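Chain naming here is simple, since letters A, B, ... match the order of the sequence lines and numbering starts at 1 in each. Predicted, not measured: the structure shown is a model, and the values here were computed from it.
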Amino acid sequence: MKNVWTLTRKDLAVFFRDRGAMLWLFVLPLVFLLIFSGLASMGFNDPGAEAAADDNRPPLVVVNLDPSGDAAALLLKEFDQPDGLRVIEYSLEEARGLMDRFKINRYLVISEGFSQALAEGKPVTLSMILHPNSDTNANQTVLRIVNGMAGGLSLELQILDGIEQMKAMQAANPQVQTIFDPNRVLAQAKSQFDQSRQVPLISIRQTEPLQEEAEKVEFNLGSSIVPGMTVLFVFLAASAVARSIFDERKSGSLRRLLSAPLRRWELLLGKMLPVFLLTLVQICVIFLAGAILLPVLGFGRLEIGNAPLAWALTSIVIALCATALGVFISSIARTEGQITGLSNALLWVAGFLGGAIVPAVVLASIPVLGILSRLMPHYWATTAYYDILARGKGLVDVLPALGILLVFSAVFFGIGIRRFRFQ
Amino acid sequence: MANILEVENLSKNFGERAAVREISFDVAEGEVFGLLGPNGAGKTTAISMLTGVLEPTAGTARIGGFDILKDPLEVKKLIGLVPQDLALYPTLSARANLLFFGSLYGLRGRELNDRVDDVLEVVALADRQNDPVDKYSGGMKRRVNIAAGLVHHPRLFFLDEPTVGVDPQSRNHIFESVLKLNRERGMTIIYTSHYMEEVELLCNRVAIIDEGKIIALDTIKNLVAMLGGGVVQVGLRQANQAVIQQITSLPAVRTVTALPVPIPAGAEAAPADAALLKIEAVHSQQAVINVIQFLNENNLQMTSLEILEPNLEGVFLHLTGRKLRE
C-alpha cells in the first residue's frame with residue numbers, strides 16, 4: 001500500500017499545480033450551483049401575472065375534478081376573496097404540463113366526489129402538489145391561506161351539519177319542543193366546532209408531482225439544487241481518472257511506472273485514490289457552499305438531513321462509482337478526443353437523464369426518459385441525496401440506491417480492469 | 001565477468017506482425033552493450049520486454065539470476081529504464097520527480113534525499129533542481145529523464161534512444177554521464193540507438209537488429225572486420241552474369257553480389273538491364289581502380305559508386321543492403 005500512497009501523493013501534487021483542473025473541480029461546480037439556484041428561484045412564473053397586474057393576491061392554480069359539486073364551488077369562492085388567493089383553474093393535464101415546464105410552483109387538486117363526501121359528512125383531502133424546486137416560504141404562505149380557508153369552510157360545514165341533524169331530529173319528533181332550546185343549539189354548535197378543530201372535514205396533503213403515496217415533504221431550493229449539481233460534477237471525476245491515465249500513457253511515464261517494482265493493481269489503485277479523495281473534498285466544498293452561500297443569496301438553505309451518516313456513506317459510494325467509471329472510460333477511450341467526448345456525454349447527457357440537471361420526477365412524466373434515467377448511475381445518486389436531504393429519509397431507506405451504485409461501480413471497475421491496456 | 005542478462009529466444013508479436021523474433025544474447029556485468037538498428041527494427045519492443053513493460057509472446061530472459069516472467073518484481077528492483085519519451089511530470093520540479101521515482105523503489109527519508117542529490121550531481125542539474133521541469137530546455141529535460149532512471153542505483157541500466165532531439169552539448173553531456181556511470185560505478189548499461197556514432201563511442205559489444213532479428217552481434221572491432229578490406233557498391237546501367245563473373249575475377253576483388261536495384265524517383269520499376277553490385281574487396285581502393293578500368297575497357301556505363309567506410313553503418317549496409325537511417 002506504500003506504493004499506492006506514493007502514487008496518490010504524486011497525483012495530488014500534480015493536481016494542485018494544475019489551475020485548470022482546480023477550476024473544474026471546485027470553482028465551476030460552485031458557479032453552476034449559483035447560476036442554477038438563481039435560475040430556479042426566478043424560473044417560476046405566476047400564471048396570469050400580466051392579466052392581473054393590479055392583483056396582489058398570491059396566485060393558486062386549482063384543478064377542480066368536482067366541477068359540479070356545491071362544496072367545491074363554495075371552496076373556490078372562499079379562496080377567491082379580496083384577502084385570499086387569486087384562483088386560476090386548469091385541467092389536470094394543463095397543470096402538470098405547466099409544472100413540468102417550471103411555469104408554476106404548485107397546484108391544488110380538488111378530488112372527484114369532494115362535494116358528495118362532504119355532504120355525507122365524510123372527511124376529504126385536498127392535494128397540494130409542490131414542485132421540488134419551488135420556494136419553501138412561498139409554499140408555506142399559500143398553504144397557510146389554503147389551510148385557513150379550507151378550515152373555515154370545514155367548520156362552517158360541520159356546524160351546519162350539526163344544526164341540520166337537529167333539524168332532522170325535530171322533524172322526526174314533532175311532539176318534543178325542547179330540541180330548539182338555545183342552550184342545546186349552542187352546545188351542539190360548540191361540539192361541532194371542537195370536532196372540526198380536532199378532526200377537520202377538509203385536510204390538505206402536500207406531495208411532489210407524480211408521487212403516489214402521501215407523505216410530508218419539506219422542499220427548499222438548496223436541498224433540491226445542490227444534490228443535482230454535486231452529482232453532475234462528481235461524475236466528472238470519471239474523466240479526471242481517464243485523463244490522468246491517458247496522460248501517463250501519452251507522456252511515457254506509464255512505461256516507466258510499469259518498469260518499477262509495482263504491482264498492476266497498485267498502479268491502478270494509485271491512479272484512482274487521488275481522484276476519489278479529491279471528489280470527496282469536492283462534495284464537501286459544494287455542500288459547504290450550499291450551506292453558506294445559498295442562504296446569503298436568498299436561494300434557500302441546505303441541510304444534510306437528519307442522517308449525516310447516510311449522507312456521508314452516500315457521498316463515499318457516489319465518489320467510488322465516479323472513480324470506477326473513470327477506469328472504465330480509460331479502458332475504452334483510445335484518444336484524448338474520445339475521453340473529452342465521453343466526459344461531455346457524462347456531464348450533460350447522463351447528467352440530464354439521471355436527474356442531476358432537471359429533477360428526475362419531471363423526467364419521469366415522459367415514459368422513455370423515465371426508463372432511461374434509471375439506467376444512469378446519476379439517477380440513483382441524486383435519488384439517494386434527495387431522499388436524505390429533501391425527504392428526510394435515513395440510511396436504511398437509501399440502501400437500495402447505494403446498492404445499485406455499488407453494482408454500477410463493480411461493473412465499471414470489472415470491465416475497466418479487464419480491458420485496461422497496460423502496454 | 002558473470003552475465004547479468006541472459007536472453008533466450010525472446011519474441012513479441014502484435015497480432016500478425018512479429019516485432020521481435022527469437023532474439024538471444026548475453027550481457028556481462030559491467031559491460032556497455034549496444035542495440036543498434038533503424039527505427040522500427042524492434043529495439044524498443046525488446047527493451048520493453050526486458051523491463052517488464054511488455055509481456056513476451058515467447059522466450060524469456062534472466063536478469064541478475066531472476067526470470068523476467070517468474071520474478072518480475074525482483075527483476076524490476078535491479079533495473080533502471082530511461083524511456084525514449086520524456087517520462088516526467090512537467091509541472092513538478094526535477095527534485096520532486098526524482099523523489100517520487102526513488103520512493104517507488106522503497107527509498108525513504110535521508111537515503112532518498114542523498115540519492116536524489118547524488119543523481120542531480122551526475123546529470124549536473126543540482127542548481128536548477130527546484131525549477132519545474134517544463135521550464136527546462138530539451139537537453140535538461142533529457143538529463144532529468146536519465147536521472148529518474150538512476151535514482152535507485154540500478155545494477156542494469158536501460159537507455160532507450162536517450163539522445164533523440166537533443167542538442168550537441170547535451171548529447172555530449174549524456175555520453176559523459178553514461179561512461180562515468182560505467183567506469184566509476186561499474187553499472188551495466190544497455191544502450192539502444194539508431195545513431196551508429198553513439199554506439200561506436202559508448203559500447204563494448206553491439207547487437208545489430210533489423211526487422212525484429214539480431215543479424216550480427218560482436219565487438220565493434222570484429223563487426224567492422226566483417227567488411228574485410230572494404231566494401232564497394234557500384235551501379236551499372238547494363239550488366240549481365242558474364243560481367244559479374246569478370247568483375248569477380250579482377251585483382252583485389254574478393255566477392256561480388258548483385259543487390260536489388262533501387263527504383264528511380266518517378267519511375268514504376270528499375271531499368272531491366274541495370275544492376276547494383278556489392279563488391280567485397282581485399283583492398284577497397286585498388287578494387288575501385290580495377291573495376292573502373294574494366295568498365296571503361298568494356299564500354300559499360302557506371303551510374304553510382306560508393307565506398308563503404310569501415311564502420312557500423314557500413315556493416316549494416318553490408319548485412320541488409322540498406323542504410324541505418326533509411
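Below 4.5 Å, heavy atoms of chain A meet heavy atoms from B:N145, B:A148, all part of residues 130-148 of chain B. Within residues 85-102 of chain B, the residues approaching chain A closer than 4.5 Å by heavy atoms are, in numerical order, B:D85, B:L86, B:A87, B:L88, B:Y89, B:T91, B:L92, B:F100, B:F101. Among the residues in residues 103-129 of chain B, those with a non-hydrogen atom closer than 4.5 angstrom to a non-hydrogen atom of chain A are B:S103, B:L104, B:Y105, B:R108.
Between chain B and the residues A:K10, A:K2, A:R17, the largest count of heavy-atom pairs under 4.5 Å involves A:K10. Chain A forms more heavy-atom pairs under 4.5 Å with one residue of B:S48, B:P72, B:G80 than with any other, namely B:S48.
In terms of heavy atoms, A:R256 sits closest to B:P83 at NH2-CD, 3.6 Å. Shown here for A:P261 and B:L73, the closest heavy-atom pair between the two residues is C-CD2, 3.7 Å. The two atoms that bring B:T44 and A:R255 nearest to each other are CG2-NH2, 3.5 Å, heavy atoms only.
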Return all side-chain donor-acceptor pairs below 3.5 angstrom for residues 315-324 of chain A, not counting sequence neighbours, or 'none' if the list is empty.
unit_1	atom_1	unit_2	atom_2	d
A:S315	OG	A:W311	O	2.9
A:S315	OG	A:Y385	OH	2.8
A:T323	OG1	A:A319	O	2.6

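Neither the backbone nor the side chain of B:V75 has a heavy atom closer than 4.5 Å to any heavy atom of chain A. Contact of A:E266 with chain B is not made at all, since no heavy-atom distance falls under 4.5 Å.
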